[in-house]
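Note on naming: letters A, B, ... go to the chains in the order of the sequence lines (proteins, then strands), and numbering restarts at 1 for each one.
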Amino acid sequence: MLKQFLDRFSWVDFFMRLLQVAAVIVIIVGIFNSLGATKYTSGQWVTLVFAGLAQGSIYALIALGYTLVYGILLMINFAHGDVYMAGAFTAVFLANSLAASGFLGAQPVISVLLLILLAASVSMVLNVVVERVAYRPLRGAPRLVPLITAIGASFTIEYTFRGLYGAEFQSYPIIPALDGQFLTLAGFEIPWTQIVVLVAAILLMVSLYFFIERTKIGKAMRAVSEDKEVARLMGIDVDKTIMITFAVGGALAGAAGVFNGIFRPQGVFFFMGFIPGIKAFTAAVLGGIGNIPGAMVGGLFLGVFEAIGPNLILEGLGIPAVNQLRDAFAFTILVLILIFRPQGIFGERLAEKKA
Amino acid sequence: MIKTLQENFQKIQKFALLGGIVAIYLVAVGMVETFAQRNLIGTSLSLGHAFLVLGPIGVGILIAQAMKESETKSIYVAGFLAGALSSVSLILFNIVIQIFVIQADPDAVFYLRNMFVSFTPTAFEFLTFGQGMVLGNILLFLFFGLMGMLGVSFLRFPDKIRRGWINSLIWVLAVGLFSENVAQILRELFGPGLGKIIFSNKSMNPVAAIILFAVVFAFSYFGLKKEASDKWAAMPEEKQKKGRVFIIIMAILFVAILPWLVGLFLSQALFIIGMYVMMGLGLNIVVGYAGLLDLGYVAFFAFGAYTMGILTTTGALGRSDLNFWMALPFAMLIGVLWGLLLGFPVLRMRGDYLAIVTLGFGEIIRILALSNWLAPFGGGAQGILHIPQPEFFGLSMNSPQAMYYLVVLGAVLAAFVTIRLRDSRLGRQWMAMREDEDVAEAMGINLIQTKLLAFSIGAAFSALAGAIFAARLGNIFPHSFNILISINALALIIVGGLGSIPGVVVGAIILIGLPEMLREFAEYRLLMYGMLLIIMMIVKPDGFMPEARRSQELRDEKDTLPKQAAGTEG
Amino acid sequence: MGVILKTKNVTKRFGGLIAVDKFEIDVQENSISSVIGPNGAGKTTFFNCITGFYKPTEGKIIFDGHYIQGLTTDRITNLGISRTYQNIRLFSKMTAIENILVGQHPHLKTFWFEAIIKNKRFLKEEEDALQEAIRLLSFVGLSGLGDQVAHNLPYGAQRRLEIARALASKPKLLLLDEPTAGMNPNESRDLMNFIRRLRDELEITILLIEHDMKVVMGISEEIWVMDFGQKIAEGTPLEIQRNPRVIEAYLGRGAASGLNLEAKGVEA
């Protein structure tokens, strides 16, 4: 009996389990200490949660692009974060002109819609071009090959926009109508910018959901993601469907770029897509990659977790200046999820046959 | 002829559009304008021109390919037309600049240049040859047409002339491009005289360019190179062997005196190339042999550098007073250790997730190095200062040349280990795993061991490079260890050819050496890397120096191989 | 002659689907036997359970005195089971020789550091391995093709190379998954003879999955028939041919004569 057990004993599994237990203990100890210290009021926690939700809705919009593409091509569009950057970076100039001309103050709704339209178009076109140039010629190649071109595409986009718009940081103008306005909810004050971003993002996500579920194009997309060959036999133009998938993903990312500008005006530059890109990918995996509602929930979840996590967990462990570690915290979540639960929280595992 | 043109007009339009997009892209991202600062020949022909004409020349080549069957004359006309039409995008660009930049008010609500930084009057000036709106654009149109014809000529010139034509152009452009460096070498070898005749104003003299052109052309035309190789092939075996030994000795000598030829500045570039060769060799084991796409490779570089820093610094963060040589093994050991530690959790992971997780590791480590939390160990954003340079028998190796030798030694060591391992059981295990993980396991290969060995050996090379890097610079900061280092290393092994050792060297020279030598390239380095990664994967996935397979069954009978193979197949 | 491989109650479920259902076989040492069954009956899944690609949901597999269910693939190979694949899975960018050398892995003992310093032990082992690989290459009739990259070889040669690679680990039991798939009758006959030679000269026990009835009936000493994951018959070729359940599984009710005719053709 013992021999049989030892034969099947795997050190890898053992250490992974150990790591899992260690991670859980660290989290519990951290939370316990932080809450015990009562450093933050409940108002501060609520503030963090809402900031996290707004940020998370932006991650969710980008994550949808990852998930759509992964669902259909089983590839990680590594350049997606940069597609998001392209929209945000282009629209910032229009935003500043609108602000300078006073139109933004006079007609905030139309202005924001214009910005979204511009950013979404730029990102959409760019994503379609990337698919056409970098991915389509390599369909059917070994899995690492499109990933490498995706990395190439990512850097090409970043430095193309650096060449076009320069290396300087830009920032979005403050929208006068939302500036310093708070919504009071059950005694807590929440900035209107966050509410607007959250609501708008959710509206977009809901409309995407209906687009996929109800329209003919959406059905074609689902069919192609199930089985390309069969879809082709059913008379679906697979290339066109894939193109539309990239277009939709790109448009959502572009819109996310403008929302990001409303919520957090500073820091618009050519490399701004890199970190949100990875985080959005985390969100997509969190929700189960290929799963559309999963990406939305994953994004919101990640945003909140990232907002409160460092204060809730790391501070309790006696780590100074936890705000510096916010990104590291998000990446750690990514790593832990990919290691321990690659199928995501909803558990939709993409079948991977071995033999 | 008119008929041929009409038939092919759609193609002409299509290619012209493509060429126009390329041309305006290169101008709009500012490449042309930046590169215009580097003169190639005299003061009139610059690198900017070379980039500007990439579009129309490409169009000409495409036309020549597409109209292979047509008569030569009509192809040239088509090439001219397509080339000229591809200038339309730039003519529009000129008009836009004229209206929205030159004549516009910079303080207006929307001023184009605030957005597009490369839409400058200088660019306008460059594109119109300083001849103003009307004449300049006409010249541009004609110039692009001629360039289209030039592109056609690359394929349509009579064979003998063609080779000479292309070779001479490449030689002249290359020598012009590296004017400063070639001049420096000539100065070291022959004194200041010769360099001054050939080069002036950091570019080549037009007369010298013409002479070089003629010489290379003559060489190609009279097939001197082929004659030499024929002679070589005709030589008896023994003599060839001697010749090979001679070539190897010359190569070693060349590598040895190189830093004294090229001067201080380029020695530094050579040092960096050598460092990347080391890293490339390590990453080549992980990605090229074992097939594990690691995007966090910089982490091990950082561990090597930080270990060296912490162990040897004379500053406040120092934890021991080891010298460079004593700290070196520790740096590698720490690299191996982290290679194992970070490799362990990803053992079960699929290719694309592996890439993202390793990327995550790399970023986490950089952020941690920056944080106040770990500042007591690694200095946080202030980094580690006062890392002493290595001493060699009491002599301080504080010149770039001395460090160059150190790095060459390291690279040779890494190459040696790589070759030995590649030709062993372990190398076969790696490659089998790269081809098909499941089947490899069914061959009795322990995947865990095999993967961990790849990670840790790769990490050791990277840590070694990092340790030398730290000692060379004397101080290290977290900013030096960003994702771009991983991308550099990845790009160079892909361009050279995954799994190929000469490929690593060639890749490092092209991708690391060029931007180090040409300041203008530095700004667009990552743009070009990105494009190269895409283009290589589509056009030449095996790289410029593909991994060669060994002949093992018929070791000494290379020449008889095809016959025997054909014989047994039937 | 004893039993070299015994499966007890082996079951594999994927979610609700039962791919292999309490399948039991006893493979005699130094025999040639087959598992047959219609497409999708679960034969390859059963093979995958034996070789450790899948962990059986239930049941025991005893090979040469060891319980091997749930062991990792590499350890099962090291115990002496080797296999080929239905759709050829060579290391396609490596040469034929290198493929065989990889197959010899379980018998190579040098440590990687010995390869760096190239000590005598390493050089000798590599040389022996190479000679053995060349010998195997000629055994399967591929002499002279050793330096070709595997995916450049013709289809039949790839099948043979895969067998050579499987033999390189010196297995006691060789599992062949549809070795004659895609071959014409002549090639199939050659392969049958070759398989007999393997058993006779190398004394390897062979277990086949096969579709080609001529091959199965002509070569096997014992046959198990699988349908929907279950064993529906076992016995000698003659017994199997006369078993109405088998005929039904293959051809549906009332089509018994067809299979008999085909089988007679073999014996003639």
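Remark: B/Phe330 CZ is loosely packed, at most 12 non-hydrogen atoms of other residues, nucleotides or ligands lying under 6.0 Å away. Within 6.0 Å of CZ on C/Phe113 lie no more than 12 heavy atoms contributed by other residues, nucleotides or ligands. With a 6.0 Å radius and a threshold of 12 heavy atoms from other residues, nucleotides or ligands, B/Glu237 has its CD atom at or below the threshold. More than 12 heavy atoms of other shown residues, nucleotides or ligands fall within 6.0 angstrom of atom NZ in C/Lys109. For B/Met349, the CE atom is densely surrounded, since the number of other residues' heavy atoms within 6.0 Å is greater than 12.
Atom-to-atom distance recorded for B/Arg428:CZ and C/Ile97:CD1 is 10.5 Å, nearest 0.5 angstrom. Atom CG of residue B/Asp423 and atom CD of residue C/Glu126 lie 8.5 Å apart, to the nearest 0.5 angstrom. Atoms CE and CE, on C/Met94 and B/Met431 in that order, are 6.0 Å from each other to the nearest 0.5 Å. B/Asp438 contributes atom CG, which lies 10.0 Å from atom OG1 of C/Thr51 (distance to the nearest 0.5 angstrom). Taking CZ of C/Phe122 as the reference point, atom CZ of B/Arg425 lies at 9.5 Å (rounded to 0.5 Å). Between the CG atom of B/Leu426 and the CD atom of C/Glu114 there is a distance of 12.5 Å, given to the nearest 0.5 Å.
Of the listed residues (B/Ile445, B/Leu453, B/Asn446), the one with the most heavy-atom contacts under 4.5 Å to chain C is B/Ile445. Of the residues considered (C/Leu153, C/Val149, C/Ile76, C/Thr110), C/Thr110 shows the highest number of contacts with chain B, using heavy-atom pairs under 4.5 Å.
Taking every heavy atom of both residues into account, C/Asn78 and B/Gly444 meet most closely at ND2-O, 3.6 Å.
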Given C/Leu90 and B/Glu435, is the side chain to side chain contact (heavy atoms under 4.5 Å, CB included) satisfied, shown in steps?
CA-CA 8 Å; C/Leu90 288 165; B/Glu435 300 282 312; over 6 Å; no
Are B/Met443 and C/Phe91 close enough, and set up right, to give a side chain to side chain contact (heavy atoms under 4.5 Å, CB included), and what steps lead you there?
CA-CA 11 Å; B/Met443 296 288 114; C/Phe91 303 119; 4.0 Å; yes
Please test C/Ile116 against B/Leu421 for side chain to side chain contact (heavy atoms under 4.5 Å, CB included), starting from the C-alpha separation and ending with a verdict.
CA-CA 6 Å; C/Ile116 297 178; B/Leu421 288 180; 3.8 Å; yes
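Residue contact with chain B, scored on non-hydrogen atoms closer than 4.5 Å, is absent for C/Leu79. Heavy atoms of C/Ser82 lying under 4.5 Å from chain B are absent altogether.
With hydrogens and angles ignored, the 3.5 Å screen pairs no side-chain donor or acceptor of C/Thr73 with any backbone N or O of B/Glu441.
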